[in-house]
Structure formats: C-alpha cells, structure tokens
Amino acid sequence: MDDTQIWDLIQQEEDRQASGLEMIPSENHSSVAVRRASGSILTDKYSEGYPGMRYYAGCQIVDKVENLARDRAKQLFGVTHANVQPHSGSPANQAIYFALVDPGDTVMGMSLYFGGHMTHGLKVNFSGTYYKSVQYTTDKHGYMDYEAIAAMAAKEKPRLIMAGTTAYPRIIDWQKLREIADSVGAWLAADISHISGLVVAGVHPSPIGIVDVTMTTTHKTLRGPRGAMILCNGDPSDPLKKPERTKENLPSLIDRAIIPGLQGGPHNHQTAAIAVALDEALQPSFKEYGKQIAINAKKLSEELLSRGFELVTGGTDNHLMVIDLTNKGLSGKQGETALSKAGITVNKNTVPFDPRSPFDPSGIRLGTPALTTRGMKEAEMVQVADWIADAVAHHKDDKHLATLHEEITKFAKKFPLPR
Ligand code: DSN
C-alpha cells in the first residue's frame, strides 16, 4: 500500500514541475521508461563488484543489466571502458582523484565562483582538503583564459587537471587543455556533466581521445536518472592486482577506485535506468534534441540581450547562460525568488569577479534542457524572455508575480512532462 503522505508530496512535485518552467540548467525531465527502471525491483539487489566478479550470489540478471549499460555507454561515447556505478557526480570525481593522485598532491581546476564545480578543488570540498588545490578563474569577460591556465600549471605543476564547468556558457577547448597538461606531465580529466547530451548531439566537441578520463552525470543534458559514469580507454589489467598508474591501466585504476575504493554495492535500479537513457541517447532523435537545446539557448540569450539583460560572455554556445542582474537593480537571490514566484525555476549564481557573496550573488543561471524536452522551440523562447523580463521588472510586486504564474501555468500545461 502506498505511503499517502509521500505519494501526495510526489504528486505535488509533479504538479509544480508541470505548471511552471524548469530552467535550472542541470535539471531535465527524464522519460517514463527511465523512471520506471529507476523505481524497479532492482533496487533490492546487492551486487558489490563487477559483472562476472561479484561478492554476492544471484547477480546473473543484474550482470546483464550492468553489461548493457556499459556497452551502450561505450558505443555512445566511443570508448573501450565505462564504469556506470558511481552513485552521482561527486563520487565519480572522487574516484578519479583516488585513482590518479595521492593526498597532498597538487590538483588544478576551475574555481566554483567562475563556473567550475566544488569537486574541482574548492577549499571546503574533499578536493581542496585532501589535495593541494590551485584554482583558475576566467578572464574579465567570463571566458576561460588558456594562457593564464598554462601559466598557473607551469608554476604549480599539478599532477591532475580536473577540467569542466557547471556555469560556463561557452565551448571548452580540450586540445588546449591537453597541451597544458602535457607541458607539466599532469593527468587530464574532463567533467562533462553539463554538456554530455550536447557532446552526443555533436553540438559541443567531445573530450574523448584527448583527455585521459571523462566523467559525466547522467541526469543533466543526457536526460537519464541521477547517476554518473566514468569513461576511458585502455586495457583492464588483472583486477586482483594493484595496477601501476599508466594510461593503459586506466580502466582498472578507475574500477578499483569505485569499488573497493569508495563505494559498496552499485544501485542496480539506477544502472538499469542509465541503460534505458543511453539507449534513448543512441537514437537519431536525441541528436535533434541536443541541437534544439542549443538553438533554444541561443534564441533565449538574444531575446534577453535585446531586453537589456547583461549575460556573462555576452551570450551562449551551449545550453545555459548566466545573467548578471546588477544593471536591473536586484541581486541573484532576489531574481531567483521573483522568478520562482512567477513559476520560472532558475538558480542564483556568482558572476566572474562577483563583488557579492555566493549566498546572495549578482547573477542567476538558467538553461533550456528541460523546456526543450517539453517540445518548446524558438517561438516559445521569445515568450519566456518576455516573462523573465516582466518578473524581474516587477520583482517586488507579489500580486503581479502571482498573475504571471497563472499565465505561465496555462502555457506550461500545453507542453506536458514526458508520460
Ligand atoms: N549541482 C550541479 C549543478 O547544478 O550544476 C553540479 O553538480
């Protein structure tokens, strides 16, 4: 029998999503097939280890599930090895550090406050606590500054560069980062959590074949369940032997870092849902989806610019944009709150060299993956830009925002969630 309290809350959340516009760029609406696998009986099975090499009996079915997920990941991204067990992005990144460097080693990544991620070396995160982290920023316009990154690498000699972003609206030059890593003999890892769906669609260059290890969460532009994968090339060595840290041994290094290094049993329901999402991403329609995400983001950014908004880097090449709200006379937190009252969910975000605190920064971050899943195209982006401008202009007027919410709900219901 259902837990009515929880079920009621789940229904409320479904209604909230359906009656508004989800524009947090790291979120999406997964398919019913993905959610069905995610809510399946596979949640009940323990299977520490890997297919064919488990510490539990009764794994003959989950072995097949995990092999399907791994094979689809390998096919989709063109790698020889995929680990689909990380419970989410942060554990996946922990595994990469654990596999490649030792506590106290110097690691380098993009500052969270300039568009990186906590696990790329933030001082209060494990990555900045157990390792000596050095953090690069952007230039004053918000672009990655490869010369400055190279200079920092030459000075600091990191053993690992963890490259990737969570709030960067432009293309990342993997080749330049490779050259920088090679110049100091560092490992190079790519965190493509935000852009993996765009990589699959050919909208953003793939780091595969350029970097040593690539990781992605599975629930952002890739549109799967919450989870993560680590992708690399190489030959798995004897799993019982501790491998040397060589490129050839990357598969074993990564697998051993996940288990026994960091995790216990994989979440088999999550693995199954990842497999379903990967099959969806292998279909030609997914490429169209990924392309439309970027088309929508570009259109939305142009419409916002024409309404006097200031965008970090002046626009976007991918799925997201960061708006500096300073010239509109409100903070990122006020912007987030006002938009939320109007039924548009975004998140407050720092802008490069933000004079304000991360708890109430100058900007907001928003993107188009979820709206694109609901079938919205360029025409709808014009309407969305109008509403964003309206809500920002009337951010102190709760009555106006409530009326806007009603209007947005009528519109949103024309674009149902996947069912
Ligand atoms: N929390 C994710 C994001 O919103 O970008 C990154 O982990």
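Note that ligands are numbered from 1 as they come in the structure, with each ligand's atoms numbered from 1 the same way. In this chain, residues are counted from 1 in sequence order.
Contacts between His117 and ligand 1 below 4.0 angstrom, taking non-hydrogen atoms only, involve the side chain exclusively. When non-hydrogen atoms are compared, ligand 1 lies under 4.0 Å from the side chain of Arg365 (C-beta onward) but not from its backbone.
Heavy-atom neighbours of Gln11 CD from other residues, nucleotides or ligands within 6.0 Å: above the threshold of 12. Within a 6.0 Å radius of NZ in Lys377, no more than 12 heavy atoms belonging to other residues, nucleotides or ligands are found.
Checked against a 6.0 Å centroid threshold, the rings of Tyr113 and Phe353 do not count as neighbours.
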Checking Trp387 against Val392 for the side-chain contact (heavy atoms from CB on, under 4.5 Å) test, could you report, in this order, the C-alpha distance in whole Å, the side-chain angles of both residues, the deciding distance, and whether it holds? CA-CA 8 Å; Trp387 280 323; Val392 165; over 6 Å; no

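Not a single heavy atom of Met118 sits less than 4.0 Å from an atom of ligand 1.
Scanning both residues, Tyr289 and Thr221, for their nearest heavy atoms gives CE2-O, 3.8 Å. Closest non-hydrogen pair, Lys45 versus Val62, comes out as CG-CG1, 4.0 Å.
Distance remark: protein heavy atom not present below 4.0 angstrom from atom 1 (N) of ligand 1.
The contact set between ligand 1 and Ser26, taken as ligand atoms under 4.0 Å from a residue heavy atom, comprises 3 (C), 4 (O), 5 (O). In the vicinity of His194, heavy-atom distances shorter than 4.0 Å reach the ligand 1 atoms 3 (C), 5 (O). Listed by atom number, the atoms of ligand 1 under 4.0 Å from Thr166 heavy atoms are 5 (O), 6 (C).
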